[in-house]
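First comes the structure, then the notes that go with it.
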Number of protein chains: 2
Amino acid sequence: MSGNRPSSRSRILAAAAALARDAGPGKLSLDAVAARAGVSKGGLLYHFPSKAALMAGLVEDYIAEFEAKLDAAATEDDTGEALMKAYIALSLKSLDEKQPPASWIFSAMAEDPDFLKPVNEFRRKLLNRLLSGSADRTKTIMAYLAIEGLHSLKLFGSDLLSGEDRDAIDAHLLSRTRARPASSRE
Amino acid sequence: MSGNRPSSRSRILAAAAALARDAGPGKLSLDAVAARAGVSKGGLLYHFPSKAALMAGLVEDYIAEFEAKLDAAATEDDTGEALMKAYIALSLKSLDEKQPPASWIFSAMAEDPDFLKPVNEFRRKLLNRLLSGSADRTKTIMAYLAIEGLHSLKLFGSDLLSGEDRDAIDAHLLSRTRARPASSRE
DNA sequence: CTAACTGTACCGTCTGGACGGTAATGTCAA
DNA sequence: TTGACATTACCGTCCAGACGGTACAGTTAG
């Protein structure tokens, strides 16, 4: 479905994400995206024949990119614990750095909440993968939820945790594979 | 600032929340809200002279309602731990029951992310209150983040956790004030 | 009398999207 | 080799409708 078009398509998507972040999620109009991407409106509509298609493209790329990074960080024959560690590291990395929040998600939700269904499905599958290799189910879910909470806070622009606390949380989340006596098995 | 107007004002706010939930956050127009609330557009604009005022009202009521419930559940002379327990119980209650998600938040974010600033400020103060009476800072933050994660998941319509898992998480979160839980399954 | 509306008419702006071009680059038969 | 046609990748314009907001005259309840 998604071909390799390095120039226009991805430039449009990037422009949309940047615009939602800079001007606010409510300002994500086709005209504005086209202008930001440096294409005409007709050109935009050639690549994404409707606003819905644009949103779907944003979601698709978002998932694909994360999945690619995750798969790159954890080879498939790894145990679930390794995947969990990769997930945590990847999430914290995307959280801690100056990586901008995916504010376009609000645009998609405003347009139609169903656009986020692929994201939810991806999350479901991911959590199941994480849990299938987990020794402590509750602890894994708690870690997952905490990361989800951090994502949410960032998305809403909340600067709740400062330096030390966030470091402590990071350390706590990352400590799961280390410092654990490998004696408890199921 | 906010007077006690049980009828129109709150009916409008409720209508706006219901509309965002039913029709989607993007369909929250003044006309639609007025129609749903059973008032004329002029009547709506009498109470909320602009859409921004409507959004601010939504946010204000949202915070005030939660704060009232929290204060009712935990008397002020309680220790921080009691407040934490009340917060957890209240959050889980609002999460587990068929209480609808506050989808209007997406409308507010689309309109202007600054509308959510009071919410973030409230969260900051709350977490500080929670932490000031906490013996284990990291554990408290983790619990807070997990609840935030649950809220986020619900907001985005994700049905990630099913029955048993959510029960386990609930139990885990609630076990903090008891000395010896030792009653979790598995 | 006043507060709290209703109802209608209207305005300027913005928006998604349809539409008709167009230039460049293939593809392919004669 | 060439001319006919197809496809891709856009551009620029236009429009109907929705939106937030204004204005204002009239109505009803306390």
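Numbered from 1 within each chain, the chains take letters A, B, ... in sequence-line order.
For the pair B/R9 CZ and C/dA4 P, the interatomic distance rounds to 13 Å; values are reported in whole Å. The CG-P distance, from A/L45 to C/dG21, rounds to 18 Å in whole Å. Summarising the geometry, the separation between CZ on A/F48 and C1' on C/dG16 is reported as 16 Å, rounded to the nearest angstrom.
You'll find the side chain of B/E148 stays beyond 4.5 Å of the side chain of A/L160, heavy atoms only.
A/L44 comes within contact range of no nucleotide atom at all, as no heavy-atom separation falls under 4.0 Å.
A heavy atom closer than 4.0 Å to some atom of DNA chain C occurs in A/L28, A/S29, A/L30, A/K41, these being the qualifying members of residues 18-41 of chain A.
Under 4.0 angstrom from either OP1 or OP2 of C/dC5 there lies at least one side-chain N or O belonging to B/S8. Not one side-chain nitrogen or oxygen of A/Y46 sits closer than 4.0 Å to the OP1 or OP2 atom of D/dC10. Close to C/dC5, at under 4.0 Å from its OP1 or OP2, lies a side-chain N or O of B/H47.
Under the 30°/60° scheme for interplanar angles, the aromatic rings of B/F122 and B/F66 are found to stand perpendicular. Taking the six-membered ring for Trp and thresholds of 30 and 60 degrees, B/Y62 and B/W104 have ring planes more than 60 degrees apart, a perpendicular arrangement.
The residues B/E81 and B/K85 are annotated as not salt-bridged, no charged nitrogen and carboxylate oxygen being separated by less than 4.0 angstrom.
Hydrophobic clustering places B/F48 together with B/L116 (ILVMFWY residues linked when any side-chain heavy atoms are closer than 4.5 Å, directly or through intermediates).
Annotation: B/Q99, atom CD; neighbour count of heavy atoms from other residues, nucleotides and ligands within 6.0 Å is above 12.
Residue whose closest nucleotide on DNA chain C sits further toward the 5' end, between B/G43 and A/E111: B/G43.
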